[in-house]
Amino acid sequence: MSTATDATEAALTVQHRLPGFVPRMGIILGSGLGPLADKIEDAHAIAYDDLPGFPSIGVSGHAGKLILGLLGGVPVACLAGRAHAYEGRIDAMKVPVRTVKLIGAEAIYLTCAAGSMRETVGPGSLMTITDHLNLMGGNPLAGPNDPDFGPRFPPMEGAYDPELVAAQRQAAASLGISLADGVYAAWLGPAFETPAEVRMIKALGADAVGMSTVPECIVARHCGLRVTATAVITNLGVGLSDGPVNHDQTLAAAAEASERLQGLVTEVVRAFG
Ligand code: HPA
């Protein structure tokens, strides 16, 4: 089935299960950030398996449920579990993002783990993403365009909504959390970067590198969703510190920062609602 048909069917399934529910914001939870889903009140979960075109989720730290409910009193549609481009499809999250749009959300909040290019922004830091570099070598919109969702050549200027970046800064200040900002580079993976690649990514102007977020941002902007994103820094980029980088470290650092991220996301959603 086409992604348009899948997204329409998935939206109908959601509306059938929860008549009248209209989220203000979608949220995508990154590696190890699952606990945010437990903060959603009056939660109604739908397994990705029950939604056409939604990916099956493999990597540990991800679940695979669309959770509808209230966060900070505001209706949200939380995608708990993401598929990554390195699993084989750069457009794996296209249907979930478009479904969030079709059920009425105005914006989507992307969260992810990332490696830092800056020694001063170390593991456990939160970084609001202000722009990105797509280094994945592909684009989720390649192929026939579906004009029902958006234009053939969507602009990407201001992709990370400046008002929502400001909302993140304000929320962080009111919670007493420090929040870095920077450019996120998307790396296909699944192999981590070499030290030479990290030096290249840094030289290109990135502040952080990760294996997600950018395809979702592109799909979301194409269909007119406003986008905001926060990365949890789980490690310094390969070669910038002594130790090796591995997925367990990503999950552990994300878990440690999870409380602060939950607070930040909740406050931004509350302010947006
Ligand atoms: N590189 C790529 N992806 C990541 C990293 C990294 O250093 N840390 C967490 N996700």
Side-chain angles (χ1 to χ4, degrees), residues 27-36 55 57-63 79-90 92-93 109-138 140 160 179-218 229-262 264-265:
I27 303 170
I28 298 187
L29 299 181
S31 300
L33 306 173
L36 181 63
I57 301 299
V59 179
S60 64
H62 297 70
L79 293 159
R82 64 151 54 97
H84 297 81
Y86 60 72
E87 291 168 74
R89 286 190 44 195
I90 197 168
M93 293 302 285
Y109 198 138
L110 311 174
T111 65
C112 61
S116 174
M117 300 293 118
R118 301 207 310 247
E119 279 87 347
T120 51
V121 182
S125 304
L126 300 181
M127 179 184 283
T128 180
I129 299 175
T130 54
D131 204 347
H132 75 220
L133 292 171
N134 181 8
L135 303 181
M136 284 185 165
Y160 297 86
L179 182 68
D181 58 52
V183 174
Y184 173 97
W187 190 250
L188 177 62
F192 282 110
E193 309 73 37
T194 64
E197 287 163 345
V198 164
R199 290 195 296 276
M200 173 190 78
I201 290 165
K202 194 173 173 180
L204 289 175
D207 301 287
V209 61
M211 301 177 192
S212 65
T213 305
V214 163
E216 297 146 15
C217 173
I218 293 169
T230 306
V232 173
I233 300 300
T234 53
N235 55 279
L236 290 177
V238 179
L240 298 179
S241 73
D242 299 337
V245 175
N246 62 57
H247 190 61
D248 289 341
Q249 185 186 20
T250 298
L251 294 180
E256 187 273 317
S258 185
E259 282 288 320
R260 273 173 292 129
L261 181 66
Q262 288 172 43
L264 182 70
V265 173

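Along the sequence shown, residues carry numbers from 1. Atoms within a ligand are numbered from 1 in the order they appear, just like the ligands themselves.
Residue pairs that meet the ring pair (Phe, Tyr, Trp, His ring centres under 6.0 Å) test with at least one member in residues 115-134, sequence neighbours left out, are His132-Tyr160.
Protein residues having a heavy atom under 4.0 Å from any atom of ligand 1 are Ala113, Ala114, Gly115, Phe192, Glu193, Val209, Gly210, Met211, Thr234, Asn235, Thr250, listed by chain and number.
The CZ atom of Arg89 sits 11.0 Å away from atom CD of Glu87, with the distance rounded to the nearest 0.5 Å.
In this structure, the side chain of Thr111 engages the main chain of Ile28 through a donor-acceptor pair within 3.5 Å. Within the 3.5 Å criterion, the main-chain N or O of Thr230 finds no donor-acceptor partner in the side chain of Thr128.
Under the side-chain contact (heavy atoms from CB on, under 4.5 Å) criterion, Asp131 pairs with Val183, not counting sequence neighbours. Qualifying side-chain contact (heavy atoms from CB on, under 4.5 Å) partners for Pro190, counting only residues two or more places apart in sequence or in other chains: Tyr86.
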